[in-house]
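Each chain gets a letter, A, B and so on, in the order the sequences are listed, and its residues count up from 1.
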Number of protein chains: 2
Amino acid sequence: MTPAVIAAATLALGDREGPGAMSMRRIAADLGCDPMAIYRHFPNRQALLDAVADLAVQEVAVPAGEKPWDERVRAVLTDVRAAALRHPGIAGHIASRPPLGSAGQKLAAVITGALAEAGLAPGDVLKASQALVAYSAAGLRMAVEAGAPDERWRQVNEALEGETPVVGSAEQFEYGLRLLLNGIRLEAHPGEASRTAGAYSGQDRSCS
Amino acid sequence: MTPAVIAAATLALGDREGPGAMSMRRIAADLGCDPMAIYRHFPNRQALLDAVADLAVQEVAVPAGEKPWDERVRAVLTDVRAAALRHPGIAGHIASRPPLGSAGQKLAAVITGALAEAGLAPGDVLKASQALVAYSAAGLRMAVEAGAPDERWRQVNEALEGETPVVGSAEQFEYGLRLLLNGIRLEAHPGEASRTAGAYSGQDRSCS
DNA sequence: ACCTGAACACCGTTCAAGT
DNA sequence: ACCTGAACACCGTTCAAGT
């Protein structure tokens with residue numbers, strides 16, 4: 001019984017039984033121990049879930065440094081999203097607070113490094129990176145909740161148009177990400193028209 | 001005892017005692033009734049909180065149609081954020097799910113109308129508006145949680161720089177919002193350099 | 001000193017019993 | 001038919017009692 005063993009078992013339990021199984025009592029039952037035994041390795045439930053989240057985030061590969069800065073940012077954020085969605089038990093927690101364990105910090109450094117390389121003013125790098133992280137967290141949250149699709153959003157979509165663009169979809173997520181990256185490009189090099197806009201997005205939308 | 005009375009009392013209770021007071025039992029005690037009495041007016045706790053959220057959002061004024069589209073979007077989103085932060089009991093719920101009661105739908109229509117006016121392709125209007133709403137929700141969540149400041153973020157800030165830009169701050173929020181609006185501008189009129197970038201942001205950051 | 005599990009102070013919601 | 005409150009099936013965490 002080490003923190004790593006507990007975290008790994010909790011991740012697996014969440015994969016099998018979903019977020020409803022992530023209670024101290026259910027986790028302890030799964031481990032075959034008393035709920036209080038967990039408190040000997042983690043100060044509280046939140047700390048345990050942080051460790052589990054970092055475990056999921058460890059699956060994300062650090063993109064190669066030769067790639068262009070925007071592709072690196074896009075890769076990290078879409079990969080974190082995909083990794084979180086592979087682990088339904090912990091996805092909601094990842095969406096709620098940015099995972100800043102060792103794996104999370106490594107990825108955060110990739111983003112700030114890429115933004116500095118993009119030509120953003122030093123004082124803006126952290127603000128832009130937090131904007132990207134915030135947007136990604138919200139996009140993930142929408143995807144998580146789309147599992148139980150929201151009646152109210154359906155009504156709004158219906159009121160506006162027939163063809164629903166699916167609220168928490170990957171396409172929706174990447175669209176907003178491109179808006180942010182375009183905005184960052186403009187911030188870094190005002191006046192220059194963005195020649196690469198959309199170059200790395202999955203779909204070509206120039207003829208919609 | 002009508003739904004409106006219950007929602008108003010719950011909003012006031014949350015203003016006074018914070019999110020911890022927003023349980024069916026505490027709300028009922030505040031109203032001087034049995035917890036079950038509330039279920040006669042709302043199907044469940046979530047529906048009640050949705051009504052309370054809409055009450056808070058009703059405080060946001062619909063911006064004048066003569067204003068430029070980006071200023072209208074900026075006004076709505078910063079005003080919703082401010083309204084939510086004036087009501088600590090319900091702010092977390094507003095951050096978790098976009099309020100789509102009658103007041104929320106009215107504001108959502110302002111945003112989609114503004115984006116259509118901006119020149120965005122019809123198919124992109126809803127995607128961009130969802131990106132804006134998602135970002136705003138995440139920014140609000142960070143502000144709410146910044147009330148109990150996050151030790152982990154403090155470490156990251158410290159590791160990167162000395163001068164902490166405050167995670168959930170209004171300045172941070174507006175910066176990300178400008179990135180998104182700039183991205184939308186570029187999406188609507190590719191090739192045109194954005195001459196109005198930052199024109200409506202609170203601070204002039206051209207000489208940092 | 002270490003570990004356990006009973007207990008505390010809560011939840012949202014159901015449902016049977018009262019009026 | 002309407003309303004109440006006891007009860008159900010949970011929570012995270014504390015803490016006293018055991019080993």
Side-chain angles (χ1 to χ4, degrees), chain A residues 1-7 9-11 13-14 16-55 88-97 99 144-145 147-148 150-152, chain B residues 1-7 9-11 13-14 16-55 88-97 99 144-145 147-148 150-152:
Chain A
M1 277 276 275
T2 68
V5 168
I6 295 170
T10 304
L11 182 64
L13 173 65
R16 290 197 311 275
E17 304 189 25
M22 308 298 266
S23 78
M24 298 303 265
R25 282 165 154 94
R26 295 275 292 272
I27 294 162
D30 184 67
L31 286 160
C33 73
D34 191 273
M36 283 310 101
I38 298 168
Y39 284 88
R40 304 196 29 68
H41 300 96
F42 295 95
N44 51 44
R45 180 171 177 263
Q46 176 135 280
L48 167 57
L49 294 188
D50 284 347
V52 175
D54 205 60
L55 223 50
I90 202 66
H93 188 255
I94 295 175
S96 290
R97 25 193 274 147
V144 167
E145 283 178 4
D150 195 315
E151 173 63 16
R152 303 167 313 142
Chain B
M1 277 275 276
T2 67
V5 168
I6 295 169
T10 304
L11 182 63
L13 174 65
R16 288 197 312 274
E17 304 190 26
M22 308 296 267
S23 77
M24 298 303 265
R25 282 164 154 96
R26 295 274 293 271
I27 294 163
D30 184 67
L31 286 161
C33 74
D34 191 274
M36 284 311 100
I38 298 168
Y39 285 87
R40 304 195 30 67
H41 300 96
F42 295 95
N44 51 44
R45 181 171 177 262
Q46 177 135 279
L48 167 56
L49 294 188
D50 284 348
V52 175
D54 205 59
L55 224 49
I90 202 67
H93 188 255
I94 294 174
S96 290
R97 26 193 275 148
V144 168
E145 284 178 3
D150 195 317
E151 174 63 16
R152 304 167 312 143

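Considering every non-hydrogen atom in both A/Arg97 and A/Asp50, the closest pair reads NH2-OD2, 2.6 Å. Minimum heavy-atom separation, A/His41 to A/Pro3: CD2-CD, 3.9 Å. Taking both residues in full, the closest heavy atoms of B/Met22 and B/Gly14 are given as SD-CA, 3.6 Å, listed atom of the first, atom of the second, then distance. Between A/Ala53 and A/Pro99, the closest heavy-atom pair is CB-CB, 4.3 Å.
Checked against side-chain contact (heavy atoms from CB on, under 4.5 Å), B/Pro88 has the following partners two or more places apart in sequence or in another chain: B/Asp15. For B/Pro19, the side-chain contact (heavy atoms from CB on, under 4.5 Å) test picks out no residue, with sequence neighbours left out. Residues meeting the side-chain contact (heavy atoms from CB on, under 4.5 Å) test with A/Asp34, sequence neighbours left out: A/Met36. With sequence neighbours left out, B/Ala37 forms a side-chain contact (heavy atoms from CB on, under 4.5 Å) with B/Met1, B/Cys33.
Within the structure, salt bridge (Lys or Arg N to Asp or Glu O under 4.0 Å) contacts touching residues 19-31 of chain A (residues at least two apart or in different chains) are A/Arg16-A/Asp30, A/Glu17-A/Arg26.
Nucleotides D/dC8 and C/dC10 place their C1' atoms 15 Å apart, quoted to the nearest Å. Between the C1' atoms of D/dG12 and C/dT14, the separation comes to 23 Å (whole Å).
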Between the protein and nucleotides 12-15 of chain D, are there any N/O to N/O pairs under 3.5 Å, and if so, what are the atom names and distances?
| unit_1 | atom_1 | unit_2 | atom_2 | d |
| --- | --- | --- | --- | --- |
| D/dG12 | OP1 | A/Met24 | N | 3.4 |
| D/dG12 | OP1 | A/Arg45 | NE | 2.9 |
| D/dG12 | OP2 | A/Met24 | N | 3.1 |
| D/dG12 | N7 | A/Arg25 | NH1 | 2.3 |
| D/dG12 | O6 | A/Arg25 | NH1 | 3.3 |
| D/dG12 | O6 | A/Arg25 | NH2 | 3.0 |
| D/dT13 | OP2 | A/Tyr39 | OH | 2.6 |
| D/dT13 | OP2 | A/Arg45 | N | 3.1 |
| D/dT13 | O5' | A/Tyr39 | OH | 3.4 |

Give every pair of a protein N or O atom and an N or O atom of nucleotides 16-19 of chain D that lie under 3.5 Å apart, one pair per line with the distance.
none

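For DNA chain D, runs of at least 3 consecutive pairs of the Watson-Crick or G-U wobble type, with both hydrogen-bonding distances under 3.5 angstrom, map to C:4-8 with D:12-16, C:12-16 with D:4-8.
One can place CG of A/Leu31 at 16 Å from C1' of C/dT4, the figure rounded to the nearest angstrom. Put simply, CD1 on A/Ile38 is 20 Å from P on C/dC2, counting in whole angstrom units.
Looking at B/Arg45 and B/Ile27, their side chains never come closer than 4.5 Å, going by heavy atoms from C-beta outward.
Checked options B/Leu55, B/Val52, B/Val5, B/Ile38; the residue passing with B/Thr10 is B/Val52 (criterion: side chain to side chain contact (heavy atoms under 4.5 Å, CB included)).
Nearest-nucleotide positions on DNA chain D for A/Gly20 and B/Asp34 put B/Asp34 closer to the 5' end.
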